[in-house]
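Below is one structure, written out as structure tokens; comments come after it.
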Amino acid sequence: LIAEAQRGAIRCHYYLKDWENGKKMALELLSGSSANADDKSFAEMVLLIVPPLVATYTSATAIGTSHTGEPTTPEALD
């Protein structure tokens with residue numbers, strides 16, 4: 001039952017793009033022995049995909065511009 005809840009939590013965090021919490025849940029699921037192969041593969045995918053995505057979104061939001069250099073804040077678009 002715990003693995004089921006962890007699986008659901010990982011998938012929710014993944015689809016909501018809540019990368020940090022998804023990473024925490026993936027590590028927690030992998031540390032337990034009750035996870036099946038599908039659960040483990042999804043958790044490993046989250047761990048492999050999350051770091052590059054976090055870096056991409058962090059740098060894009062820190063700069064405040066899109067990939068074309070246009071402003072992204074509502075105030076800048078006025």
Side-chain angles (χ1 to χ4, degrees):
L1 186 63
I2 292 173
E4 252 314 295
Q6 288 174 328
R7 178 189 323 137
I10 291 170
R11 290 178 189 265
C12 287
H13 291 305
Y14 177 80
Y15 291 119
L16 290 171
K17 296 179 175 70
D18 184 4
W19 310 121
E20 292 303 317
N21 287 323
K23 180 180 173 182
K24 290 175 192 174
M25 291 304 301
L27 290 170
E28 190 175 313
L29 184 123
L30 289 172
S31 69
S33 62
S34 63
N36 63 33
D38 184 50
D39 297 341
K40 289 180 181 180
S41 65
F42 193 84
E44 289 170 354
M45 180 187 71
V46 168
L47 294 175
L48 290 172
I49 290 175
V50 168
L53 289 175
V54 169
T56 301
Y57 286 114
T58 303
S59 63
T61 56
I63 295 170
T65 59
S66 69
H67 68 283
T68 61
E70 296 296 320
T72 57
T73 61
E75 297 81 23
L77 297 175
D78 287 338

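Start at 1 with the first residue, then count along the sequence.
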- Message: Less than 4.5 Å apart, side chain to side chain, heavy atoms only: is that true for Trp19 and Lys17?
- Response: yes
- Side-chain ion pair, Lys23 and Glu20, N-O less than 4.0 Å: no
- Among the clusters formed by ILVMFWY side chains lying less than 4.5 Å apart, do Ile10 and Leu16 turn up in the same one? no
- Tell me, which pairs form a ring-ring contact (aromatic ring centres under 6.0 Å, His included) where one or both residues lie in residues 21-41, sequence neighbours left out? none
- Sequence-distant partners of Asp18, side-chain hydrogen bond (donor to acceptor under 3.5 Å, both in side chains), two or more places apart: His13, Asn21
Listing, residues 40-50 side-chain donor-acceptor contacts under 3.5 Å, not counting sequence neighbours, or none:
| residue | atom | partner | partner atom | Å |
| --- | --- | --- | --- | --- |
| Ser41 | OG | Ala37 | O | 3.3 |
| Ser41 | OG | Asp38 | O | 2.9 |

- Message: Nearest 0.5 Å, please: how far is SG in Cys12 from CZ in Arg7?
- Response: 12.0 Å
